[in-house]
Amino acid sequence: MENAEGRGRELPKAYDPAAIEDRWAEYWVRERLFEVKTPDEAALAGLRSEGHDVFTILLPPPNVTGRLHMGHMLNQTEMDILTRWRRMRGDLALWLPGTDHAGIATQMMVERQLAEEGKTRQDLGREAFVERVWEWRRHYGGAILDQMKRLGASVDWSREYFTMDEHLSVAVREAFVRLYEQGLIYRGAYIVNWCPRCQTAISDLEVTHEEQQGKLWEIRYPVVGADGEFVTVATTRPETMLGDVAVAVHPLDERYQKYLGKKLRLPLTDREIPVIADEWVKSDFGTGAVKVTPAHDPNDFEIGKRHGMPAIDVMDETAHMNAEAGIYAGLDRYAARKRVLEDLEAQGLLGTVREHVNAIGKCDRCKTVVEPRLSTQWFVAVNKEPKTGGASMAELARRAVRDGHIRITPEQYSKVYLEWMDNIYDWCISRQLWWGHRIPAWHCGTCKQITVAREDPDKCAHCGSVEIRQETDVLDTWFSSGLLPVSVFGWPQPARDFDVFYPTQLLVTGFDILFFWVARMIMLGCWFSKDVPLEDGSKREAKDAVPFREVYIHALVRDAERQKMSKTKGNVIDPIEIVKRYGTDAVRFTLASMASPGTDIAFSEARTEGYRAFANKIWNAARFIFMNVEKAREAGIEVDRAVLGGMPPVARDAPIEARWIVARLNSQAAEVNGALGEYRFHEAANTVYQFFWGDFCDWYLEIVKLRLDFSKGADKAAAKAALTTLVQTFEAALRLLSPFMPFLTEELWHAVYEGEPPAKSIALTPYPVTGLGGQQHSGAKLLYSHVGGHAVAWTLTEMENLQRVVTAIRRLRKERSVPEKEQIRAHLYSATQSPVVGIVKHREILGSLARVSWIDVSATPLSGPNVRAEPDFDVAIDYEPVIDMAAERERLTKEMARLEKAAASAEKQLGNPAFLGKAPAQIVEGLKKQAAETRMLMEKTRQALEYLGSQVSSGAEAPNY
RNA sequence: GGGCGGUUAGCUCAGCCGGUUAGAGCGCCUGCCUUACAAGCAGGAGGUCGCAGGUUCGAGCCCUGCACUGCCCA
């Protein structure tokens with residue numbers, strides 16, 4: 001722990017995050033603080049008997065090619081806060097990190113590298129290329145996790161995984177084979193989304209739709225044997241006409257009855273195609289006649305199948321026209337479109353051209369326009385019941401959420417999820433890539449059948465032929481990441497890890513991968529884990545088959561102008577960059593304080609600056625405290641470190657600020673714990689902020705200064721008690737803050753213990769929980785022997801009164817331009833004899849905070865120029881009035897207007913019999929009290945205005961004519 | 001086209017079960033270098049809660065419509 005210890009006098013004046021963060025980040029990893037050993041039965045039982053549990057959370061694995069962005073940082077900050085919190089609360093908290101092999105992205109990255117050397121992957125060949133990718137991964141694949149380490153993520157690095165690791169690949173293969181055996185994986189020729197740039201099929205989810213202004217062309221198809229007659233079709237993709245096999249009309253469309261069964265001449269080709277009738281055709285769209293191109297459109301494919309038509313593929317895998325396209329062969333699809341249109345025009349077969357907005361699909365990864373393409377792919381039949389009986393994968397996944405076994409926050413996403421699941425199609429899982437899990441299927445060259453096997457076969461399972469070769473396609477990356485919740489814990493092998501850590505507790509992720517990943521994990525997790533018995537050998541019920549019990553969907557991080565961050569816009573904020581400038585803690589705190597469930601985050605540096613100031617504030621509070629610890633030591637007073645670490649006990653007769661700050665610590669700790677339990681990060685963060693700055697620094701520290709007199713002749717016992725509460729409260733407050741600001745709190749916490757901490761890290765100490773302070777110290781009469789006692793309420797009220805009087809006097813001083821440092825005399829009056837007047841006994845505090853040298857309680861109402869009226873008391877100061885008459889009149893007039901409005905509204909309500917009859921008594925009482933206060937304030941304000949008027953008329957401030 | 005959000009102070013956002021006079025940070029104005037902190041302290045100004053109806057004793061919150069805006073799906 002070199003350099004960890006720090007004495008107050010050694011701390012620099014301003015907090016410099018850069019000076020400490022790297023050191024602690026390394027320390028946490030080096031000391032293996034967050035590694036979790038799989039507990040044996042006894043350990044687990046012990047944990048549970050103490051009311052704790054296992055808390056498992058999976059890191060959504062970033063792509064190996066990835067660089068950390070703000071979304072990651074938000075995601076990780078939230079997970080880290082929750083994990084640190086649960087760990088400090090006593091749970092066995094396991095946060096499991098890893099990376100995703102990210103098929104397309106990684107392959108693209110390495111191909112780009114090769115291109116710079118003037119090579120293609122084909123030049124290398126599959127094996128060498130894959131080896132090259134592995135090499136790339138060994139070199140650069142750890143970058144994003146290194147960034148994570150720098151951010152202080154409290155993950156268990158000993159369990160780090162990579163989705164292509166040996167044991168995870170075994171799970172992928174097992175899953176594929178099992179689904180195949182259950183009849184849930186099939187291979188077939190279908191229209192898929194094809195990316196001509198990536199040259200692979202992609203799933204429906206990987207296609208993003210964009211509205212685009214395009215054109216709708218009408219093309220005339222001559223009717224064979226009826227000179228001069230045409231059937232006109234409308235299309236947005238004219239080049240595909242070369243693959244037309246028919247023209248379809250609605251069977252009831254009268255316009256086309258006469259052509260049914262007739263042949264049309266397909267322009268630009270020498271083919272003739274029939275006119276067919278199909279219910280799917282919408283008569284009111286376009287001309288009511290549609291071209292049927294089964295190889296290039298999913299709907300046409302269905303029509304073609306219904307009518308037993310062939311599919312003519314006119315494009316190759318790069319979206320260039322192929323030999324089927326005749327003279328257009330070799331042209332790119334758009335060049336072909338242009339030529340086709342020109343030629344149609346020349347032949348007089350082009351009809352009306354209309355502007356048309358259509359949604360075009362683009363490849364999620366490279367933004368290339370996707371081409372619907374007929375090809376042979378592998379699919380998971382998610383809606384099909386397995387041969388062995390039971391519900392389909394989608395159905396199980398639906399039930400998991402519908403039956404509440406998985407709770408999604410914010411709740412609205414449950415609905416989104418269920419609707420998607422209700423409309424889910426079969427999942428295309430094959431990709432024409434080289435990097436990924438190769439599909440464990442072998443094609444027989446002899447009998448043409450397929451062998452799917454767990455172990456690489458050497459002959460065909462059907463005919464025994466050795467002429468077999470493995471499928472060249474690999475699996476969709478999401479197939480392997482969808483298995484993670486089961487595979488990371490050892491599935492399909494029986495494993496203690498699985499027994500202990502599955503289901504995981506929570507998944508924290510963004511909405512963007514709800515379908516990609518979350519839904520797939522639910523499908524695959526429920527599916528495979530249901531066959532794994534529980535620890536005690538009993539059957540696993542649905543509620544324990546889920547991959548996680550809760551899902552928290554977080555917001556999107558946008559820039560300060562609410563724009564989505566994107567490379568093209570150039571508004572991407574690099575977390576590492578901003579962390580360097582403000583410190584990790586400040587950035588984490590910014591994200592946490594804005595992370596309100598369901599709302600996007602507009603990241604603003606102004607906020608981060610504010611939280612850097614907050615860190616500095618705490619740093620300086622620490623300097624102040626350490627300075628006093630030193631002073632006390634010189635006077636022979638030591639704070640016993642053994643009393644640190646819990647909630648501070650405080651005696652009933654302790655000074656007000658001590659009783660108050662402990663009461664606040666307890667109530668704010670309760671708030672923070674409650675907020676974190678409901679993922680209300682912003683509320684938790686704001687509560688800690690308010691407590692530390694508003695309560696601890698602004699009020700408590702200012703008052704406690706009065707008690708820290710260690711000079712000769714001072715009350716040493718009182719000073720020691722004050723110092724002890726101060727250090728105890730600060731130490732507890734650091735623990736309260738530490739999940740949010742782990743670096744700063746770690747540094748200061750070690751400094752509190754002066755290099756002899758009771759644990760290796762603040763992260764391994766107990767989190768402050770309300771009401772535990774009292775029991776630890778028997779004997780003395782303690783304020784906090786139980787929560788919410790009368791003494792606590794009284795302390796809070798007394799302090800609040802003190803604060804209100806101090807603030808009122810400060811305000812009055814400002815209004816009357818009393819110099820900041822000048823001590824003055826003050827008077828307090830309360831007509832209602834409220835407990836407010838009791839605060840005059842705190843003369844020292846008033847002297848220090850309000851610069852009041854003397855204060856008394858007046859028996860009669862206060863009057864004159866230097867009075868300030870509050871609802872339940874008045875204060876006055878003795879000071880030669882320097883009144884800005886105009887400003888004062890404006891203030892009072894405004895005040896009067898506000899009061900009149902309030903009074904009118906209150907009277908209206910109180911005059912309403914229905915209100916009096918129906919509203920709860922407590923509301924009515926409250927309103928009456930408030931109305932009375934308003935009336936009193938109005939009266940006082942009226943008097944003050946009158947007084948002002950008299951001053952003017954008597955000439956005190958009258959202008960000289 | 002269908003669905004789901006959002007619209008509250010100059011800016012970014014809170015506002016929980018409908019309940020008394022709607023909050024915070026930043027920014028702004030004023031005064032202070034009060035030996036923990038000027039990345040600070042103290043005080044202040046600033047809001048018809050998008051618009052129009054409705055329900056209710058009572059609406060920022062519930063309902064209906066509209067406007068603007070964002071997202072998802074087709």
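Chain A is the first sequence line, chain B the second, and so forth, proteins listed ahead of strands; every chain is numbered from 1. Please read all numbers here as calculations on a predicted model, not as lab measurements.
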Along RNA chain B (nearest heavy atom to each residue), the more 5'-positioned of Ala613(A) and Trp699(A): Ala613(A)

For atom P, what is the distance between A14(B) and G6(B), given to the nearest Å? 10 Å

Going by an N to O cut-off under 4.0 Å, is there a salt bridge joining Glu820(A) and Arg851(A)? no

Test side-chain contact (heavy atoms from CB on, under 4.5 Å) applied to Ala592(A) - qualifying residues, sequence neighbours left out: Ile81(A), Ala685(A), Phe740(A)

If you compare every side-chain N and O of Lys415(A) against the phosphate oxygens of C4(B) (OP1, OP2), does one of them come in below 4.0 Å? yes

Who are the side-chain contact (heavy atoms from CB on, under 4.5 Å) partners of Thr797(A), not counting sequence neighbours? Asn801(A)

What integer distance in Å separates Gln803(A):CD from A42(B):P? 11 Å

Check the distance between G31(B)'s P and Ile809(A)'s CD1 and give it to me in whole angstrom. 23 Å

Taking atom P in both A36(B) and G23(B), what distance in whole Å separates the two? 33 Å

Which whole-number value in Å describes the distance from Leu418(A) CG to C4(B) C1'? 14 Å

P spacing across the pair A9(B) / G50(B), given as an integer number of angstrom: 8 Å

Nearest-Å distance for atom pair CD/C1', residues Glu419(A) and C4(B): 9 Å

Looking at A39(B), C72(B), U30(B), which one has an atom nearest to any side-chain atom of Lys814(A)? U30(B)

Which ranges of RNA chain B pair up as stems, where a stem means three or more consecutive Watson-Crick or G-U pairs with both distances under 3.5 Å? B:1-7 with B:67-73, B:10-13 with B:23-26, B:28-32 with B:40-44, B:50-54 with B:62-66

Hey, is the side chain of Arg813(A) poking within less than 4.0 Å of OP1 or OP2 on A42(B), counting only N and O atoms? no

Using side-chain contact (heavy atoms from CB on, under 4.5 Å) as the criterion, list what pairs up with Phe516(A), not counting sequence neighbours. Leu205(A), Glu206(A), Asp364(A), Trp478(A), Ile513(A), Arg520(A)

May I have all residue pairs that pass salt bridge (charged side-chain N to carboxylate O under 4.0 Å, His left out) and include part of residues 416-426 of chain A, sequence neighbours excluded? Arg398(A)-Asp422(A)

Roughly how many Å apart are G70(B) and C32(B), using the C1' atom of each and rounding to a whole number? 46 Å

In whole angstrom, give me the gap between the P atoms of C62(B) and C4(B). 15 Å

Please write out the pairs of protein N or O atoms and N or O atoms of nucleotides 21-26 of chain B separated by less than 3.5 Å, giving the distance to one decimal.
residue: U21(B); atom: O2; partner: Arg898(A); partner atom: NH1; Å: 2.5

note: Arg868(A), atom CZ; A42(B), atom P; distance rounded to Å ~ 17 Å

I'd like to check the ring pair (Phe, Tyr, Trp, His ring centres under 6.0 Å) partners of Phe873(A); sequence neighbours left out, ordered by chain and number. none

Take the protein atom OH of Tyr413(A) and the nucleotide atom P of C72(B), then report the distance between them rounded to whole Å. 10 Å

When syn is taken as a glycosidic angle within 90 degrees of 0, is C63(B) syn or anti? anti

Using nucleotides 32-36 of chain B, report all nitrogen or oxygen pairs with the protein that are shorter than 3.5 Å.
residue: A36(B); atom: OP1; partner: Lys705(A); partner atom: NZ; Å: 3.4
residue: A36(B); atom: O2'; partner: Asn620(A); partner atom: OD1; Å: 2.7
residue: A36(B); atom: O2'; partner: Arg623(A); partner atom: NH1; Å: 2.9
residue: A36(B); atom: N7; partner: Lys705(A); partner atom: NZ; Å: 3.3
residue: A36(B); atom: N6; partner: Glu702(A); partner atom: OE2; Å: 3.1
residue: A36(B); atom: N3; partner: Asn620(A); partner atom: O; Å: 3.2
residue: A36(B); atom: N3; partner: Ala621(A); partner atom: N; Å: 3.3

Under 4.0 Å between any heavy atoms, over every strand shown, what does Pro913(A) touch: base, sugar-phosphate, or nothing? Just pick one. nothing

Look up atom CD1 in Ile809(A) and atom CD1 in Ile824(A), then write down how far apart they are to the nearest 0.5 Å. 7.0 Å

Look at all strands and tell whether Arg810(A) reaches a base, only sugar-phosphate, or nothing, counting heavy atoms closer than 4.0 Å. sugar-phosphate

Residues forming a ring pair (Phe, Tyr, Trp, His ring centres under 6.0 Å) with Trp619(A), sequence neighbours excluded: Tyr15(A)

Gap in Å between the two C1' atoms, one belonging to C37(B) and one to A42(B), rounded: 15 Å

For the P atoms, the ones on G65(B) and on G3(B), what distance do you get once it is rounded to whole angstrom? 11 Å

Sequence neighbours excluded, which residues qualify as salt bridge (Lys or Arg N to Asp or Glu O under 4.0 Å) partners of Lys13(A)? none

Charged N to carboxylate O under 4.0 angstrom, Arg237(A) versus Glu371(A)? yes

P spacing across the pair U20(B) / G58(B), given as an integer number of angstrom: 15 Å

Once you round it to whole Å, what is the distance between C1' of C71(B) and OH of Tyr417(A)? 21 Å

Would you tabulate the side-chain donor-acceptor contacts of residues 686-694 of chain A under 3.5 Å, counting partners in other chains and residues two or more places apart, or write 'none'?
residue: Asn686(A); atom: ND2; partner: His682(A); partner atom: O; Å: 3.1
residue: Thr687(A); atom: OG1; partner: Glu683(A); partner atom: O; Å: 2.7

Checking the side chain of Asp300(A) only, and the main-chain atoms of His296(A) only, is there a donor and an acceptor separated by less than 3.5 Å? no

Rounding to an integer number of Å, can you tell me how far Asn616(A) CG sits from A38(B) P? 8 Å

Taking only residues two or more places apart in sequence, or in another chain, which ones meet Arg707(A) in a side-chain contact (heavy atoms from CB on, under 4.5 Å)? Pro655(A), Glu657(A), Ile703(A), Val704(A), Ala722(A), Glu844(A), Ile845(A)

